[in-house]
Amino acid sequence: MIYREYGKTGKKVSLLGFGGMRFKNIDDHDECVRLMLAAAEGGINYFDTAPGYFETRSETVFGKGFAEIKKKGLPFFCASKTFESKESAVRKEIENQLKRMDINSIDFYHIWCITDLGNWENRKKDGILNTFRKLKEEGLIKHICVSSHLIKNEIKELLLEGVFEGVLFGYSAYNFKTRQEAFDAIKEKNLGSVVMNPLGGGVIPEHPELFKFIRREGESTVTAALRVLWDHKEITNTLVGFDTMEHLNEALNAMEGYKPRTQNELEDVKLKAGVSFEGICTGCAYCNDCPSGVPIPQYMDAYNQKILNKNSKDPISERLKWHWSLERAGAAKCTACGQCEKACTQHIDIINRLKEIAG
């Protein structure tokens with residue numbers, strides 16, 4: 001296992017992380033705990049969960065898993081999150097989280113799912129930053145982090161606060177181009193850099209031909225997708241949601257024989273990624289000035305899932321709910337003024353896509 005410094009915290013975390021939102025059978029605690037223990041024995045020391053995963057049951061499983069990991073004398077860090085903003089609600093939530101996981105503090109605690117700057121301003125007005133500072137002073141959390149879905153350079157505004165020690169954000173071969181400015185901002189601040197959805201939420205392994213440009217000889221698509229992220233020296237951790245022992249072993253095996261690309265080789269992969277997704281919204285956000293207030297980039301990102309993810313019953317709704325905290329009905333606010341389509345550099349039929357999303 002490779003370990004990297006988590007920003008300026010002095011902690012070293014495993015380059016491969018364990019995400020707790022995709023257990024195959026969350027009610028089979030023994031099976032879930034075996035998976036966590038196998039991950040720890042394989043060198044993984046970064047375990048990420050949230051109260052919204054399986055309606056808090058993921059954190060309950062983590063508590064049992066941590067107990068077994070402790071018995072083995074293996075090291076681990078716990079990462080979790082909160083949607084809450086007001087101090088009383090945050091405190092109530094973290095007290096329950098600590099109880100469920102049977103730990104005294106959470107190592108990396110995230111202000112969860114910042115989807116736009118308006119959302120961020122509202123949370124600041126609720127006093128979220130002061131609350132997190134207090135939690136750290138009291139030892140209930142070790143490091144103040146943020147989970148962000150902001151695109152382009154919007155993430156810079158969050159980082160200007162000067163309080164965050166790490167950022168959890170989406171980055172993969174699927175969206176190199178749209179996340180590059182956010183990634184650069186994180187690097188500039190020397191923060192812990194944890195990548196969620198390194199496999200594009202399953203899109204990458206489900207479309208091996210589309211992503212063949214990331215594979216080197218002998219590599220599977222999953223192995224290639226992880227390794228191309230590990231080639232970024234500034235990435236601290238790639239967070240994979242494991243559901244079976246087979247998938248865990250596949251990711252652990254990707255570490256075996258891993259040889260980093262040169263910087264030129266990595267840039268060549270990124271260049272190919274930029275031209276490999278014709279008809280797919282790249283999230284440039286030039287359309288993000290809707291007179292009716294429709295968050296068009298987020299809806300177009302969700303529509304991407306319909307094009308790419310053929311195995312889900314309702315990929316648009318799933319993406320909107322779990323990634324953007326939006327409903328399909330919000331797309332109905334579109335008045336078909338056409339402003340977004342004039343701004344779209346890819347000439348996407350945005351209006352009709354919004355109509356389809358709204359139903």
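Side-chain atoms are counted along with the backbone in the values below, which use heavy atoms only and exclude waters and symmetry mates.
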Test log, rule side-chain contact (heavy atoms from CB on, under 4.5 Å), inputs Ser147 and Ile114: CA-CA 6 Å; Ser147 168; Ile114 304 296; over 6 Å; no

Derivation and outcome, salt bridge (Lys or Arg N to Asp or Glu O under 4.0 Å), residues Lys321 and Asp314: CA-CA 11 Å; Lys321 179 179 180 180; Asp314 190 358; over 6 Å; no

Check against salt bridge (Lys or Arg N to Asp or Glu O under 4.0 Å), Asp48 and Lys81: CA-CA 9 Å; Asp48 173 279; Lys81 317 170 186 77; 2.6 Å; yes

Phe242 vs Ile44, side-chain contact (heavy atoms from CB on, under 4.5 Å): CA-CA, chis, key distance, verdict: CA-CA 12 Å; Phe242 297 112; Ile44 292 174; 4.2 Å; yes

Steps toward salt bridge (Lys or Arg N to Asp or Glu O under 4.0 Å) verdict (Glu356, Arg353): CA-CA 5 Å; Glu356 183 178 341; Arg353 289 189 182 186; over 6 Å; no

Criterion ring-ring contact (aromatic ring centres under 6.0 Å, His included) on Phe132 and Tyr109, from CA distance to verdict: CA-CA 9 Å; Phe132 266 56; Tyr109 201 49; 5.2 Å; yes

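Checked by atom type, the side-chain pair Asn96/Arg100 shows no donor-acceptor distance below 3.5 Å. No donor-acceptor contact under 3.5 angstrom links the side chains of Thr49 and Glu59, judged on distance only. Counting only N and O atoms by type, the side chains of Glu250 and Thr223 include no donor and acceptor under 3.5 Å apart. If you check the side chains of Glu93 and Gln97, you find no donor sitting under 3.5 Å from an acceptor. Inspection of the Asn352 and Asp349 side chains reveals an N or O donor paired with an N or O acceptor under 3.5 Å.
In this structure, His143 has its ring center closer than 6.0 angstrom to the ring center of Phe108. Checked against a 6.0 Å centroid threshold, the rings of Phe23 and Phe18 count as neighbours.
Side chains of Val90 and Ile128 form a contact here, defined as non-hydrogen atoms less than 4.5 Å apart. Looking at heavy atoms from C-beta onward, Ile204 lies in side-chain contact with Ser172 at the 4.5 angstrom threshold. Counting heavy atoms from C-beta on, the side chains of Met245 and Leu248 come closer than 4.5 Å. Using a 4.5 Å cut-off on side-chain heavy atoms (C-beta onward), Pro208 and Arg215 make contact. Between Ser80 and Pro51 the shortest side-chain heavy-atom distance falls below 4.5 Å. Two residues are said to be in side-chain contact when any heavy atoms from C-beta on lie closer than 4.5 Å; Ile351 and Glu341 meet this criterion. Side-chain contact between Leu16 and Tyr46 is absent, with no heavy atoms from C-beta onward closer than 4.5 Å. Taking the side chain as every heavy atom from C-beta outward, Thr82 and Ile94 never approach each other to under 4.5 Å.
Without hydrogens or angle criteria, Ser193 side chain to Thr236 main chain gives no donor-acceptor distance under 3.5 Å. Remark: the backbone N or O of Asn264 is not paired with any side-chain donor or acceptor of Asp268 at under 3.5 angstrom. Panel note: side chain Glu265, backbone Thr262; a donor-acceptor pair is recorded below 3.5 Å. Put simply, the side chain of Gln305 never gets that close to the backbone of Arg319: no donor and acceptor are under 3.5 Å apart. A donor-acceptor contact shorter than 3.5 Å links the side chain of Arg4 to the backbone of Ile235. Judged purely by atom type and a 3.5 angstrom limit, Ser14 uses its side chain to pair as donor or acceptor with the backbone of Asn45. Judged purely by atom type and a 3.5 angstrom limit, Thr9 uses its side chain to pair as donor or acceptor with the backbone of Tyr6. Judged purely by atom type and a 3.5 angstrom limit, Asp301 has no side-chain atom pairing as donor or acceptor with the backbone of Pro297. The backbone N or O of Lys92 sits nowhere less than 3.5 Å from a side-chain atom of Glu95 that would complete a donor-acceptor pair. In terms of modelled atom types and a separation under 3.5 Å, the side chain of Tyr258 and the main chain of Trp230 share a donor-acceptor contact.
Around NZ of Lys70, the count of heavy atoms belonging to other residues, nucleotides or ligands within 6.0 Å exceeds 12. By the 6.0 Å contact criterion, CD on Glu327 is open, its count of non-hydrogen atoms from other residues, nucleotides or ligands being 12 or less. The local environment of CD in Glu188 is sparse, with at most 12 non-hydrogen atoms from other residues, nucleotides or ligands closer than 6.0 Å. Crowding of Lys12 atom NZ: a count of heavy atoms from other residues, nucleotides or ligands under 6.0 Å not exceeding 12.
Counting only residues at least two apart or in different chains, salt bridge (charged side-chain N to carboxylate O under 4.0 Å, His left out) contacts with residues 15-28 comprise Asp27-Arg57.
Phe62 and Phe47 have perpendicular rings, their planes meeting at more than 60° on a 0 to 90° scale where under 30° would count as parallel. Ring orientation note: the planes of Phe176 and His232 are tilted relative to one another, at an angle of 30° to 60°.
Scanning all heavy atoms of the two residues, the minimum distance from Leu140 to Asn104 falls at CD2-O, 4.2 Å. Here the closest non-hydrogen pair linking Val294 and Gly330 is CG2-O, 4.1 Å. Among all heavy-atom pairs drawn from Trp112 and Ala50, the shortest one is CH2-CB, 3.5 Å. Taking all atoms of both residues into account, the shortest heavy-atom contact from His110 to Ala79 is CE1-CB, 4.0 Å. Heavy atoms only, all atoms of each residue included: Leu15 and Met255 are closest at CB-CE, 3.7 Å. Closest of all the heavy-atom pairs between Val33 and Gly65 is CG2-N, 3.8 Å.
Arg91 has a carboxylate O that lies under 4.0 Å from a charged side-chain N of Glu138, or vice versa, which qualifies the two as a salt bridge. The pair Lys124-Glu121 meets the salt-bridge criterion, since a charged nitrogen lies less than 4.0 angstrom from a carboxylate oxygen. With respect to Asp184 and Lys187, a salt bridge is recorded, a charged nitrogen being found less than 4.0 Å from a carboxylate O. No salt bridge links Lys64 with Asp102; every basic N to acidic carboxylate O contact stays at or beyond 4.0 Å. With salt bridges taken as basic N to acidic carboxylate O contacts below 4.0 Å, none links Arg227 and Asp231. Ion pairing between a basic and an acidic side chain is recognised when a charged N comes within 4.0 Å of a carboxylate O; Glu137 and Lys134 show no such pairing.
Scanning for salt bridge (charged side-chain N to carboxylate O under 4.0 Å, His left out) contacts around Glu209 gives Lys212, with sequence neighbours left out.
Using a 4.5 Å cut-off between side-chain heavy atoms of Ile, Leu, Val, Met, Phe, Trp and Tyr, with links allowed through other members, Met196 and Phe54 fall into different hydrophobic clusters. Side-chain heavy atoms closer than 4.5 Å link hydrophobic residues (I, L, V, M, F, W, Y) into clusters, and following such links, possibly through other members, connects Ile2 to Val228. No continuous path of ILVMFWY side-chain contacts below 4.5 Å connects Leu168 to Ile106, so the two sit in separate hydrophobic clusters. The same ILVMFWY cluster, assembled from side-chain heavy atoms under 4.5 Å apart, contains both Val167 and Tyr171. Using a 4.5 Å cut-off between side-chain heavy atoms of Ile, Leu, Val, Met, Phe, Trp and Tyr, with links allowed through other members, Leu229 and Leu239 fall into different hydrophobic clusters.
A salt bridge (charged side-chain N to carboxylate O under 4.0 Å, His left out) with Glu165 is found for one member of Arg133, Lys136, Lys11 and no other, namely Lys136.
Rounded to the nearest 0.5 Å, atoms CG (Asn288) and CD (Gln298) are 6.0 Å apart.
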